[in-house]
Amino acid sequence: MATLLVRHARLLVTMDAQRREIADGAVFARDGVIEAVCATADLPAACRTADELIDARDQVVIPGLVNTHHHFFQTLTRVLPAAQDCELFDWLTALYAVWARLTPEMVRASTLTAMAELLLSGCTTTSDHLYLYPNGARLDDCFEAAEQIGMRFHGARGSMSVGRSAGGLPPDSVVEDERAILADTQRLIERWHDPARHAMRRVVVAPCSPFSVSTGLMKDAAALARSHRVSLHTHLAENTNDIAYTREKFGCTPAEYAEQLGWLGPDVWHAHCVKLDDSGIALFARTGTGVAHCPGSNMRLASGIAPIRAMRDAGVPVSIAVDGSASNDSGHMLAEARLALLLQRVAHASTGGGAKGPSALTAREVLEIATLGGAKVLNCDDIGALAPGMSADLVGVPLDEIGMAGAGHDPLAALFFCHVPRVALNVVNGRVLVRDGNLKALELPRVVAEHNQLARELVQGR
């Protein structure tokens, strides 16, 4: 049985039930499952040696971050000039025709690039929402790449079925037949979904959005997901135009539409929810419906600031997500959590009563959202904290880098107030994927060069 010992961490942040923060901390794991979490000096005799030893002095060790919403393929279309200064609907319209040229090779390459970026920025578990499948592309391409790099992965089988000719936003060339969507979703569940604790692969049922799929598909997708006990995911209430479309098309708010569809509950999470109103927040809280907060994308597209403080206060499960790299242009999880922290302070800067600006969100709350919050949204009880019986997913952030100089007063808070270029250590399922800041499974310059070539081919149409 393979064992791992990470010891002498400057600070070990457990996020366990007691929220212990342990100086000179250690974690011992066997076969990908944690057995001991304590001060290095307090390790039981049986846990003092291991097949792989990691010295984490001058590092803050935290649970691996959980990214609950992404579009890996969009790493191929970062900062396209035609889409740099658009709101959501115009941005999508500018990019659909480019994405229609995606190939299986591009999906695989973009998955490796996106996962590498996530791993180097502290993420150990990620979801991805792939919602268009041109030229033979499949979600299997993402799953195969995830196996190659070693990341814990929840693949969301997205879809679009209502094209422009039927009143939807996407062009008809990128939508699918609804029967084919459901059949392929079931195939993926049977092929890739693992419901067990510590699973590395799960499938999520994820029609894209109210403006790209039919009411019938949303209802059928929910029925399919619940018959297989898998989670549901979509975009909701992202900006003002999104709200207007739902009101005009369905005569209600997005939250009310989700309720009509059966898209509420602890097995459902929605991305963005920037414009979720008070009644929507109460509805989500009452039903345990989750939210993927995407601050970078919401800023980039000028969608607004999601009411995360109000959601948290009401009891809505909230997580953090980088969203697609064509609307964020970054997939850096620690940086995304920093944006979440700062934006809530801006949002509450001039409010009277309740949370005031500088205390609207704290560093420890943001870490909770990015770890335990993500685990809850993904319906996982085995990630998000460092404790016996939990998956051995952990990250070490170096304190001796220039961006952390002088931040030893509160190393945990430094993760979100300071600049972290990349992590020193990333362990997923007991396997060391990043050591000394370097990816072990991939030759990163080669991955980037291949990715850049494919990005040029995609955008230039050849």
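Ion pairing between Arg108 and Asp141 holds under the 4.0 Å rule for side-chain N and carboxylate O. The existence of a salt bridge linking Asp184 and Arg157 is confirmed by a sub-4.0 Å separation between a basic side-chain nitrogen and an acidic carboxylate oxygen. With respect to Arg7 and Asp55, no salt bridge is recorded, no charged nitrogen being found less than 4.0 Å from a carboxylate O. Under a 4.0 Å N-O distance rule, the pair Glu336/Arg300 does not qualify as a salt bridge. Taking a cutoff of 4.0 Å between a charged side-chain nitrogen and a carboxylate oxygen, Glu52 and Arg435 qualify as a salt bridge. Using a 4.0 Å cut-off between charged side-chain N and carboxylate O, Asp51 and Arg30 make no salt bridge. Ion pairing of Arg101 with Glu457 is absent here, as no side-chain N (NZ or NE/NH1/NH2) approaches a carboxylate O to less than 4.0 Å. Salt bridge annotation for Asp393-Arg152: present, with a cationic side-chain nitrogen under 4.0 angstrom from a carboxylate oxygen.
Remark: side-chain polar atoms of Arg202 are not paired, donor with acceptor, to backbone N or O of Ala199 under 3.5 angstrom. Here the side chain of Asp410 pairs no donor or acceptor atom with the backbone of Ala414 at under 3.5 angstrom. Of the possible polar contacts, one joining the His332 side chain to the Ala335 backbone as a donor-acceptor pair under 3.5 Å is found. At distances below 3.5 Å, at least one donor-acceptor pair connects side-chain atoms of Ser391 with backbone N or O atoms of Asp382. In terms of modelled atom types and a separation under 3.5 Å, the side chain of Thr113 and the main chain of Ala109 share a donor-acceptor contact. The backbone N or O of Val66 lies less than 3.5 Å from no partner atom in the side chain of Thr124, so there is not a single donor-acceptor pair. When atom types are taken as modelled, the side chain of Thr75 and the backbone of Phe72 share a donor-acceptor pair closer than 3.5 angstrom. In this structure, the side chain of Arg197 engages the main chain of Asp381 through a donor-acceptor pair within 3.5 Å. Side-chain atoms of Thr40 come within 3.5 Å of backbone atoms of His8 as a donor-acceptor pair (strictly under, hydrogens ignored). Looking at Glu35, its side chain never comes within 3.5 Å of a backbone N or O of Phe28 through a donor-acceptor pair.
For the pair Pro104 and Val107, the minimum side-chain heavy-atom distance is 4.5 Å or more.
Across Leu95 and Ala326, no two heavy atoms sit closer than the pair CD1-CB, 4.2 Å. His70 and Ser127 make their closest contact through CB-O, 3.5 Å (heavy atoms, listed as atom of the first residue, atom of the second, distance).
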ask   = Under the ring-ring contact (aromatic ring centres under 6.0 Å, His included) criterion, do Phe73 and Tyr133 qualify, and how do the steps go?
value = CA-CA 11 Å; Phe73 70 92; Tyr133 297 86; 9.2 Å; no
inquiry  = Let's go through Ser161 and Glu176 carefully: what are the C-alpha distance in whole Å and the side-chain angles of both, what is the deciding distance for side-chain contact (heavy atoms from CB on, under 4.5 Å) to 0.1 Å, and is it a yes or a no?
reply    = CA-CA 5 Å; Ser161 67; Glu176 298 177 87; 5.8 Å; no
query = Where do Leu394 and Val6 land on the side-chain contact (heavy atoms from CB on, under 4.5 Å) test, with the steps shown first?
reply = CA-CA 10 Å; Leu394 56 93; Val6 177; 4.1 Å; yes
request  = Could you walk me through whether Leu130 and Arg138 pass the side-chain contact (heavy atoms from CB on, under 4.5 Å) test, one step at a time?
outcome  = CA-CA 9 Å; Leu130 181 60; Arg138 303 186 305 162; over 6 Å; no
Salt bridge (charged side-chain N to carboxylate O under 4.0 Å, His left out) assessment of Lys275 paired with Asp242 = CA-CA 9 Å; Lys275 300 298 182 179; Asp242 190 350; over 6 Å; no
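Test Asn298, Val274, Ile369 against His293 for side chain to side chain contact (heavy atoms under 4.5 Å, CB included) and you get one pass: Asn298. Under the side chain to side chain contact (heavy atoms under 4.5 Å, CB included) test applied with Leu232, the options Val268, Val204, Leu224 reduce to a single match, Val268. When each of Ile383, Leu386, Leu65, Val395 is checked for a side chain to side chain contact (heavy atoms under 4.5 Å, CB included) with Thr371, only Leu65 meets the rule.
Between the CG atom in Leu118 and the OG1 atom in Thr126 there is a gap of 5.0 Å [rounded to 0.5 Å]. Note that CG of Leu342 and CE of Met299 are 8.5 Å apart. Values are rounded to the nearest 0.5 Å. With rounding to the nearest 0.5 angstrom, the CZ atom of Arg229 is 12.0 Å from the CG atom of Asn379.
A centroid separation of less than 6.0 Å is found between the aromatic rings of His69 and His233. Here Phe211 and His235 keep their ring centres 6.0 angstrom or further from each other. You'll find the ring centres of His270 and Phe284 inside the 6.0 Å limit.
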Distance-only donor-acceptor pairs under 3.5 Å for side chains of residues 416-430, two or more places apart:
residue	atom	partner	partner atom	Å
Arg422	NH1	Gly437	O	2.7
Asn426	ND2	Leu119	O	2.9
Asn426	ND2	Cys123	O	3.0

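Residues satisfying the salt bridge (Lys or Arg N to Asp or Glu O under 4.0 Å) test with Asp24, not counting sequence neighbours, are none.
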